[in-house]
Amino acid sequence: MTSGSLEDIIAHTKAYGFLFPSSEIYGGIQAVYDYGPWGAALKERVKTLWMDTMLKHHTKIVGLDAAIFMHPKVWEASGHLEQFDDLFIDSKESQKRYRVDHMVEEYIQTHAVSEDFREKWQRAFAGGDLDQILHFLKEEAILEVQEKGNATNWTAIRRMNLMFPTQLGAQAGNQDTAYLRPETAQGIYVNFLQTQKSLRLSLPFGIAQIGKAFRNELIARQFIFRMREFEQMEMQFFVPPDEEKTWFSFWKEARRQWYVALGIPEKNLQLMPHEKLAHYASDAVDIVYDFPFGFKEVEGIHARGNFDLSQHERASSKKIRYFDSRRKTSYIPHVVESSVGLDRLCLMILCHAFVRENVQGKERVYLRFPPYLAPVQVAIFPLVAKEGLPERAQRLRDELKYEFAVFYEEAASIGKRYTRQDLIGTPYCVTIDHETLADEKVTLRDRDNMKQERVPISKIKDILKVHFSTQSFWNSLPA
């Protein structure tokens, strides 16, 4: 049994209705993808599971759906207008563009670098002097390594802000500049106090939301891992200042356990502490997964202090304070953040689900989704499209369709129909044949082991409920 390469995953998801290059009939647009029917269904199931975890499993978290458009001063206060940029450099010989920090990170991962190297890089990068950073890249021969020693002619390092500006207003020449949000967290911060007061919440508590974000990535690659339009699932947990460290430790482990509960082997996961912390952060760690292209971040856990709320209090001239009745004092809470890239998470699930194995000398490919995440949960087939079998199969479909994601098909041979469902990850198929009309039994086929058994049609619903229950998932999460 083997997993697939990234090329395998891309080809499979396109061929079987999960993901399509956006606007492909016009040549496509780089780093933008559309979710096809099965991809959209998978994505919705992941979103539901994450939000249920936040709002139901954890009892002190509420939901929010903040607007994409926000007042431009939000992005001034957060620092995005001045500091949300990437450094890039081009090789004039190969015509390739590189993001500087990614180039150095890749070098560190593939070379035994010294602590002095790391310190010099952090000083150069933190200092922000582009000439000094370029000098570091040349001095350490990182540019030559990146181009395999063939290129020595490079452009200067340049900055580019990642935010997408747009215009609000109906009249040309009299419009205001706004921005597509580069993250969803700021919508939570500016609504913190209204949420706390309207729901009479006491610390600690969290606010969770799922939403679109937009970044003008310089080098977008690795399929849906890095896109210009993407979706985030973020939760900001507001705590008393002296409890930030405790809650950071709690969320770091709680979120790691969430991936284990999904069925991701622990050997495929790592907690990777940040080598360089943002100036406002006291701690930060990434949950990384072993993708076909290496261990990469899926989620970040950050101890952000009170930086964001303080910035918005200062810029808006409005008090953003929490009155702690137990301590009899007002203060700006500290924040522990959980930030998940939804598209990266979907890619992780697809990579983990992709199975290629040899069965009796023949290659078999299928997607082994957990049943509760499968886009199609049960497929119903009449053995042949005649002699009353379609009518009986459709009756069963109608009995199940409001409780399960059901797919009905009567074209092609039963073997080909089974194969098609394996390729999209359907856990169970139910076949109605001529015997069904006499004994009210159907054939239930299991995707993973391909075993078939005859079961009473009256018990199908109860059998499926057991298989699609998420109770084992919830039981494996820390309380």
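Model, not experiment: these values are computed from the prediction.
For E234 and T184, the side-chain atoms include at least one donor-acceptor pair closer than 3.5 Å. Counting only N and O atoms by type, the side chains of Y366 and D448 include no donor and acceptor under 3.5 Å apart. A donor-acceptor pair shorter than 3.5 Å can be found between the side chains of S5 and D8. Between the side chains of T426 and Q377, no donor-acceptor pair of N or O atoms lies under 3.5 Å. Side-chain atoms of Y189 and Q236 form a donor-acceptor pair, as typed in the model, at a separation below 3.5 Å. Judged by distance alone, the side chains of Q186 and H312 do bring a donor and an acceptor atom under 3.5 Å apart.
The aromatic rings of H274 and H302 stand perpendicular to each other, their planes meeting at an angle above 60°, with 30° marking the opposite boundary. The aromatic rings of F192 and F205 sit parallel to each other, their planes meeting at less than 30°, with 60° as the upper class boundary.
For the residue pair L262 and L49, the shortest heavy atom distance occurs at CD2-CD2, 3.6 Å. Taking every heavy atom of both residues into account, W75 and M163 meet most closely at CG-CE, 3.6 Å.
Between the side chain of Q421 and the main chain of C429, no donor-acceptor pair closer than 3.5 Å is present. Counting only distance, with no hydrogens or angles, the side chain of R181 and the backbone of A67 share a donor-acceptor pair below 3.5 Å. Looking at N268, its side chain never comes within 3.5 Å of a backbone N or O of I264 through a donor-acceptor pair. A distance-only check finds no donor-acceptor pair linking the side chain of K296 to the backbone of D290 [under 3.5 Å]. A donor-acceptor pair under 3.5 Å links the side-chain atoms of D324 to the main chain of R326, judged by distance alone.
Taking a cutoff of 4.0 Å between a charged side-chain nitrogen and a carboxylate oxygen, D90 and R97 qualify as a salt bridge. Salt bridge absent: E183 and K212 never bring a charged side-chain N and a carboxylate O closer than 4.0 Å. Taking the charged nitrogens against the carboxylate oxygens, E24 and K14 do have a contact shorter than 4.0 Å, which makes a salt bridge. The residues R304 and E244 are annotated as not salt-bridged, no charged nitrogen and carboxylate oxygen being separated by less than 4.0 angstrom.
A cation-pi arrangement is not found for R99 relative to F88, the charged atom failing to lie both closer than 6.0 Å to the ring centre and inside a 45° cone about the ring normal. Geometrically, R255 engages W258 in a cation-pi contact defined by less than 6.0 Å to the ring centre and at most 45° from the axis.
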task: Give the intermediate values and the outcome of ring pair (Phe, Tyr, Trp, His ring centres under 6.0 Å) for residues F293 and F225.
output: CA-CA 10 Å; F293 42 87; F225 182 82; 5.5 Å; yes
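Taking the side chain as every heavy atom from C-beta outward, E140 and W121 never approach each other to under 4.5 Å.
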